[in-house]
Amino acid sequence: MFKVNIIEEDTIPIVSKIDFSQLENKNILITGATGIVGIYMLACLAQVQSKYKFKIHIWNKSDIPPYLRNCFKFDYVKIKFDLTKEASFQYLMNFDYIIHAAGYGQPAKFLDDKVKTIKLNTLSTIELLKKLNPQGKFLFVSTSELYNGLEKEFVTESDIGKTSPDNPRACYIEGKRTGEAICHIYREKGYDVKIARLSLGYGPGTKVGDGRVLNSFIEKGIKNNEINLMDSGQAMRTYCYMADVAEMFWNILLFGKEHTYNVGGKSEITIADLAKTIGNKMDKRVVFPEVEQSMKGAPGIVKISIDKYVKEFNKKDFVSLDYGLDRTIAWISYIHSYRGM
């Protein structure tokens, strides 16, 4: 039977391994608080808040969906303004720690409002960095999409992508790239700013209608009793469960010695095999198309090197795809069966 506190359960091992003492009596801000990254980062804070007495501020434009409210049962201050409007920052206090996780991770969303997608990673980043105390720490959640266009088995933090400004996904890719450039400008000013390039984080905490491939397959299985693909599914992906993502993010923000890190997992699989695995777990039929639809701008392979992080923090254990999918299916089934949906 599904437990509503599945995210809390995921974060218990994280807070047992990481020293959060430097957050004592600090003011912490997390943008994109109802997104999957924000929720996991907040779940870690919720477990240690009483011990270190810090104050949590969350910034999200939309209301918290009823099926996510159990994830927000802790003390926090809510900020509800549009991050893409400069006036929203006028009366905002300064913070000791800022995690900028706001933005659209789903292609369907960031392609729907391209101007806002760029602003969330550029204008918002500048204004948030202005609100960071001089001795504070800032984490910019970037993306492995910056490597789009490279034909390498593994890409490292020193590699540069080959997409052009007219790429269908340029609003997201170039927005993140410019956001990183802004972070480096503030590093030159002496600020402690870290960049985490996330690749395919998945797990509980998503909302209904999340358009990312893995979540879409599960939702199709729930709604349509079958999982249909748009192409043959030969593209390769390497997934990282959100408990691992959160652990890596906190280590990077609090203790990272470098300025930029790739953040990803070890679970390598083709889209076709992912669909089949989810289909088997849900006992749903998987259907491949007779005529393939073009996925404009989507990379053929997403595989990044996380050697820099692994060596610095000696990370050896990663959540298996089998375990992570079971928990993700349980979460998405829960939010679709939530009373009132």
Side-chain angles (χ1 to χ4, degrees), residues 14-15 17-23 26 28-32 37-38 40-41 44-45 95-103 105 121-122 125-126 128-129 132-148 150 152-161 173-201 238-266 302-318:
I14 300 172
V15 299
K17 290 186 286 187
I18 297 177
D19 180 6
F20 288 87
S21 61
Q22 63 179 272
L23 301 181
K26 303 297 185 182
I28 304 164
L29 172 65
I30 298 182
T31 69
V37 171
Y40 265 81
M41 298 300 277
C44 293
L45 290 179
F95 297 93
D96 302 297
Y97 293 82
I98 298 177
I99 299 167
H100 186 19
N121 293 297
T122 55
T125 303
I126 292 172
L128 287 168
L129 280 163
L132 181 68
N133 284 327
Q135 302 304 315
K137 295 185 178 183
F138 188 101
L139 179 66
F140 179 70
V141 179
S142 189
T143 175
S144 63
E145 289 256 5
L146 268 66
Y147 303 122
N148 200 329
L150 293 181
K152 293 180 64 177
E153 184 174 356
F154 282 103
V155 291
T156 68
E157 290 84 351
S158 61
D159 287 315
I160 302 171
I173 298 169
E174 302 307 324
K176 290 292 188 184
R177 196 189 309 278
T178 305
E180 288 195 14
I182 293 166
C183 289
H184 284 292
I185 291 170
Y186 274 80
R187 283 184 60 85
E188 292 172 2
K189 296 175 180 286
Y191 287 85
D192 188 347
V193 183
K194 308 287 175 48
I195 296 164
R197 293 174 180 165
L198 177 59
S199 178
L200 299 174
T238 306
Y239 285 95
C240 187
Y241 189 64
M242 282 308 303
D244 287 325
V245 173
E247 176 189 334
M248 295 168 82
F249 276 6
W250 277 118
N251 272 327
I252 290 168
L253 173 63
L254 299 177
F255 308 108
K257 298 175 182 177
E258 303 289 338
H259 55 73
T260 303
Y261 295 83
N262 285 339
V263 174
K266 300 282 189 178
V302 177
K303 192 174 183 181
I304 63 173
S305 169
I306 56 173
D307 288 349
K308 180 190 287 188
Y309 178 91
V310 169
K311 289 177 181 178
E312 183 173 335
F313 294 99
N314 194 32
K315 183 170 177 60
K316 299 176 181 178
D317 55 326
F318 285 84

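This structure is a prediction, so every number in the text was calculated from the model and none was measured. When reading the values below, keep in mind they use all heavy atoms of this one structure, side chains included, and skip hydrogens, waters and symmetry mates.
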(request) Check Glu312, Lys194, Glu157, Arg197 against Tyr261 for a side chain to side chain donor-acceptor pair (under 3.5 Å) and give me the one that passes. (result)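 Single side chain to side chain donor-acceptor pair (under 3.5 Å) partner of Tyr261 among Glu312, Lys194, Glu157, Arg197: Glu312.
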(message) When you compare the side chain of Phe140 with that of Thr125, does any pair of heavy atoms fall below 4.5 Å?
(response)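 Yes, close enough: below the 4.5 Å cut-off.
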(message) Within the 4.5 Å heavy-atom criterion, are Leu29 and Leu128 side-chain neighbours or not?
(response)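 Yes, side chains in contact.
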(request) Could you tell me whether Glu180 and Arg177 have a side-chain N and a carboxylate O separated by less than 4.0 Å? (result)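 Looking at Glu180 and Arg177, the cut-off is not met.
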(request) Quick one: which residue pairs count as a side chain to side chain donor-acceptor pair (under 3.5 Å) with a foot in residues 249-259, not counting sequence neighbours? (result)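 Those involving residues 249-259 are Asn251-Tyr309.
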Under the 3.5 angstrom rule, does the side chain of [X] hit a backbone N or O of [Y] as a donor-acceptor pair?
{"X": "Thr31", "Y": "Ala102", "answer": "yes"}
{"X": "Lys137", "Y": "Ile99", "answer": "no"}
{"X": "Asp19", "Y": "Ser21", "answer": "yes"}
{"X": "Lys308", "Y": "Thr260", "answer": "yes"}

Provide the closest heavy-atom pair for [X] versus [Y] in the form atom of the first, atom of the second, distance.
{"X": "Asn262", "Y": "Ser305", "result": "ND2-O, 2.9 Å"}
{"X": "Leu146", "Y": "Ser142", "result": "CD1-OG, 3.8 Å"}
{"X": "Val263", "Y": "Ile306", "result": "C-CG2, 4.1 Å"}
{"X": "Asp244", "Y": "Asp317", "result": "OD1-O, 3.8 Å"}

(request) Determine the interplanar angle of the Phe138 and His100 rings, folded into 0 to 90°, and report it as parallel if under 30°, tilted if 30 to 60°, perpendicular if over 60°. (result)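 Taking His100 first and then Phe138, their aromatic rings stand perpendicular (interplane angle over 60°).
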